[in-house]
Participant: 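Attaching a single structure in structure tokens format; questions to follow.
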Protein chains: 2
Amino acid sequence: MVQYATTRLDAAFAALSDATRRGVLEQLGRADSSITELAGKFHMTLTGMKKHVGVLEQAGLVATEKVGRVRTCKLGPRRLAEEVAWIEEYRQLWASRFDELDKVVEELKQKEKVDGRKRRE
Amino acid sequence: MVQYATTRLDAAFAALSDATRRGVLEQLGRADSSITELAGKFHMTLTGMKKHVGVLEQAGLVATEKVGRVRTCKLGPRRLAEEVAWIEEYRQLWASRFDELDKVVEELKQKEKVDGRKRRE
DNA sequence: CGCATACTGAACCATGTGGTTCAGTATCTA
DNA sequence: TAGATACTGAACCACATGGTTCAGTATGCG
């Protein structure tokens, strides 16, 4: 198995294990936001939200910049590439451990191929 | 955004946020193992390992069966499909948020090219 | 200037986590 | 049947988490 920076994986997965934080990421995907806006949207205190943002920032998933009184949060530099890579390797392992299922998947693929051909005809 | 069962996402991501537990999953991808074997491999007490296995089992990532004295652990029913789906949606959001930035970067590159030419002249 | 706004930090609280030890119980095996 | 093996459960520990309140500081605005 490939060697991963475990601490970064730890931080990213831990950051994603909270519904509020996943919500914040989705929100920031739509628009940059201030701490106040996020706190309002998720019904919690400024201080509470700041902690969540801190966790996300630590994990590299959010970047913030303070201008005047306002700290603006946006999506950060990390794209969860390593995390996806880890999970995909896991899924491969998983699949290889389940032989019968492999056959099922193979059958499905065949079916799909046929369906695709039909559609194109 | 698609609606996810947040509690399951919570449990799965939390389970993955620990290096030992990720290691256990990788191990079980290679071979089913008893608690004792896992505890030995990861240098901790039986009791400690049992807790990790419990977390993984709770998240659906590991299944166990006790036969005689021995509880055998194997990869569980969940394939992390939802988790991958969530992350992929996030990555898409991320990419779309940086389209503008991409343009800016592209412009800067162009500018740099021009500047470089000027400097060389 | 003076007040409202936006954040920050410390302190607190309940609960969860990652580990341990110790004292069992249940199951093999000689 | 005796002893070793494999697990289980309770209790404990230090520390992290997710939240709060309260008391600041810094900034914008009329």
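No hydrogens, no waters, no symmetry mates; every other heavy atom, side chains included, goes into these values. Chain naming here is simple, since letters A, B, ... match the order of the sequence lines and numbering starts at 1 in each. Please read all numbers here as calculations on a predicted model, not as lab measurements.
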Participant: Find out if a path of hydrophobic residues (ILVMFWY) with successive side-chain heavy-atom gaps under 4.5 Å connects B:V55 to B:L9.
Facilitator: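 They do not share one cluster, since no chain of ILVMFWY contacts under 4.5 Å joins B:V55 to B:L9.
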Participant: Check whether A:W94 reaches the backbone of B:P77 with its side chain - one donor and one acceptor, N or O, closer than 3.5 Å.
Facilitator: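 Answer holds: no.
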Participant: OP1 or OP2 of C:dG9 less than 4.0 angstrom from a side-chain nitrogen or oxygen of A:K50, does that happen here?
Facilitator: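 Affirmative; the distance criterion is met.
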Participant: Would you call the rings of B:W86 and B:F13 parallel, tilted or perpendicular, where under 30° means parallel and over 60° means perpendicular?
Facilitator: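 If you compare the ring of B:W86 with that of B:F13, the planes turn out perpendicular.
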Participant: side-chain contact (heavy atoms from CB on, under 4.5 Å) with B:R91: which residues, sequence neighbours excluded?
Facilitator: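 Result, side-chain contact (heavy atoms from CB on, under 4.5 Å) vs B:R91: A:R79, A:A81, A:V84, B:I87, B:E88.
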Participant: Please report the distance, rounded to the nearest Å, between CG in A:L38 and C1' in D:dG18.
Facilitator: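 It works out to 16 Å between those atoms.
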Participant: Return the 5'-most residue of the pair B:I35, A:A14 with respect to DNA chain D, ranking by each residue's nearest nucleotide.
Facilitator: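 Looking at DNA chain D, the more 5' nearest nucleotide goes with B:I35.
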Participant: In whole angstroms, how far is the P atom of D:dA16 from the CZ atom of A:F13?
Facilitator: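 So the two atoms are 22 Å apart, to the nearest Å.
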Participant: If we ignore hydrogens and angles and just use 3.5 Å, is the side chain of A:R22 paired with the main-chain N or O of A:L16 as donor and acceptor?
Facilitator: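 Here the side-chain-to-backbone pair exists.
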Participant: Heavy atom of residues 53-62 of chain B under 4.0 Å from DNA chain D: which residues?
Facilitator: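 Heavy-atom contacts with DNA chain D come from no residue of residues 53-62 of chain B; none.
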Participant: What about A:M44 and A:V62, same hydrophobic cluster or not, with Ile/Leu/Val/Met/Phe/Trp/Tyr joined at side-chain heavy-atom distances under 4.5 Å?
Facilitator: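 Result: yes, single cluster for both.
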Participant: Quick one, give me the B/S/- string for nucleotides 19-29 of chain D, reading 5' to 3', where B means a protein heavy atom under 4.0 Å from the base and S means that only happens at the primed atoms, P, OP1 or OP2.
Facilitator: BBBB----BS-
Participant: Please round to the nearest 0.5 Å and tell me the distance separating atom CG of A:L38 and atom CZ of A:R21.
Facilitator: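 With rounding to 0.5 Å, CG (A:L38) is 13.5 Å from CZ (A:R21).
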